[in-house]
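Order of appearance sets the numbers: ligands from 1, and atoms from 1 within every ligand. For clarity, every value in this text was computed on a predicted model and none was experimentally measured.
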Amino acid sequence: MDKAYKIAVIPGDGTGPEVAREGLKVLEAVSKKYNFKYQTKIFDFGGERYLKTGKTVEDIDIEELKQYSAIYLGAIGHPDVKPGILETGILLKIRFSLDQYINLRPVKLYNAAFCPLKDKKAEDVDFVVVRENSEGLYKGMGEFKDKGSKDEVAIQISYNTRMGVERCIRYAFQYCRERNKHKRLTLCGKTNVLTYAWDLWQRTFDEVAREFPDIKTAYAHVDATTMWFVKNPEWFDVIVTDNMFGDIITDLGAMIQGGMGIAAGGNINPAGVSMFEPIGGSAPKYTGKNTINPLAAICALSMMLEALGEKMAAEAVENSVIKVVQSKLKSLGAGKMGYSTSQAGDLVVKNL
Ligand code: IPM
Ligand code: MN
């Protein structure tokens, strides 16, 4: 008997279930074609469940998720739940508890027609952001002093450990080597102002770089990085950065690759259970309309297959997405594709 992958599916909120459904449709088709077995279990974590039960993700849920080969997530975020509760209680809880310390976000333009940048060809936008996913400002450390008073102070700490920074940087070097493209790794930081955190990052980067003499290194401040994304995205191959900067620059990255409809990411624990998701969020205003673009979720599926070791299946899914983006869709935006959500999923299946 071949081994069967155990996939935990979290459709989540808003358009999450609609896009996850298309991803699972593609998974079913590609598993037949490439002959692997899998089982899924649906987990109902999300806003609706929280509103009914007051529960997000508990420790016992984490223990269960540890039994899976991977997690496939639609989206988290509900208009009736105060911001922060679901994000911290579900998304960050899973990222942190499963030690998914890398957030891997490819920025790849499949069709220049969908790029808002002038005069850029598809091959000009093709890089990967390795975002640290377990520390920094996301650690949730800080305090209020004299809350509510005129003298109030709010402190939010960026917490960076040598271990956390080093494992992220080493992963990025390794990834850059395996990607085997320009073999150039750019550290994106703010050494000119944030002189504790980025001193540690820079020192660690320089030290780890010695283990990778085949990789060229570069440094860019985060503000300049956003400028280069627009001006000269072709300069980038792999970028490594902290949690907060990585969050911000990858939304811009998503835009230059054609928008949230196509941007996918992986929350990776290289030795554990990883989680794959479209990075766009729950898009409440498109919920239930069958108009949201499922390709980001399908690209997340491709990343999941790659991580599971199903390289041919992963490539087949990506190539099919490329065909659909190059020859079928009118736009990557919700409601403008010229196809419904489910039709777009069908097109990917057909082009496999
Ligand atoms: C992302 C999202 C999350 C983040 C939110 C929803 C907590 O913006 O995955 O980029 O900030 O990491
Ligand atoms: Mn984000």
Heavy-atom contacts with Glu87 under 4.0 Å: which atoms of ligand 1 show up? List them by number with element. 6 (C), 7 (C)
Residue Arg95 vicinity, atoms of ligand 1 by number, heavy atom under 4.0 Å: 1 (C), 4 (C), 9 (O), 12 (O)
Nearest heavy atom to atom 8 (O) of ligand 1 wins, so pick from Asp247, Ile248, Leu73. Asp247
Distance from atom 11 (O) of ligand 1 to nearest protein heavy atom, with residue and atom: Tyr138 OH, 2.6 Å
Tell me: protein heavy atom nearest atom 3 (C) of ligand 1, and distance? Leu91 CD2, 4.0 Å
Do the numbers put Arg177 on top of the ring of Phe212, so that NZ or CZ is under 6.0 Å from the six-membered ring centre and no more than 45° off the axis? no
Lys108 to Tyr110 six-membered ring, cation-pi geometry met (6.0 Å, 45°):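 Here Lys108 fails the 6.0 Å and 45° test against Tyr110.
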From His78 atom NE2 to Asp13 atom CG, the distance as rounded to the nearest 0.5 Å: 6.0 Å
Just checking, is any N or O donor in the side chain of Glu22 or Thr341 under 3.5 Å from an acceptor N or O on the other one?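 On atom types as modelled, these side chains do not qualify, holding no pair under 3.5 Å.
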Under 3.5 Å side-chain donor-acceptor pair for Glu310 and Tyr5: yes
Please give the atom name: the N, O or S atom of Asp247 nearest to the Mn ion (ligand 2).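 Nearest to the Mn ion (ligand 2) within Asp247's N, O and S set: OD1.
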Is any side-chain N of the basic residue among Glu234 and Lys121 closer than 4.0 Å to the acidic one's carboxylate O?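 Between Lys121 and Glu234 there is no salt bridge, as every charged N stays at least 4.0 Å from the carboxylate O atoms.
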Salt-bridge criterion met for Asp242 and Lys190 (N-O under 4.0 Å):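 A salt bridge is absent here (no side-chain N lies under 4.0 Å from a carboxylate O).
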N or O contact, Glu277 vs ligand 1, cut-off under 3.5 Å: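 Such a contact does not occur with ligand 1.
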Arg105 N/O to ligand 1 N/O under 3.5 Å: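 Yes.
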Classify the contact between Arg131 and ligand 1 as side chain, backbone, both or neither, using a heavy-atom distance cut-off of under 4.0 Å. side chain
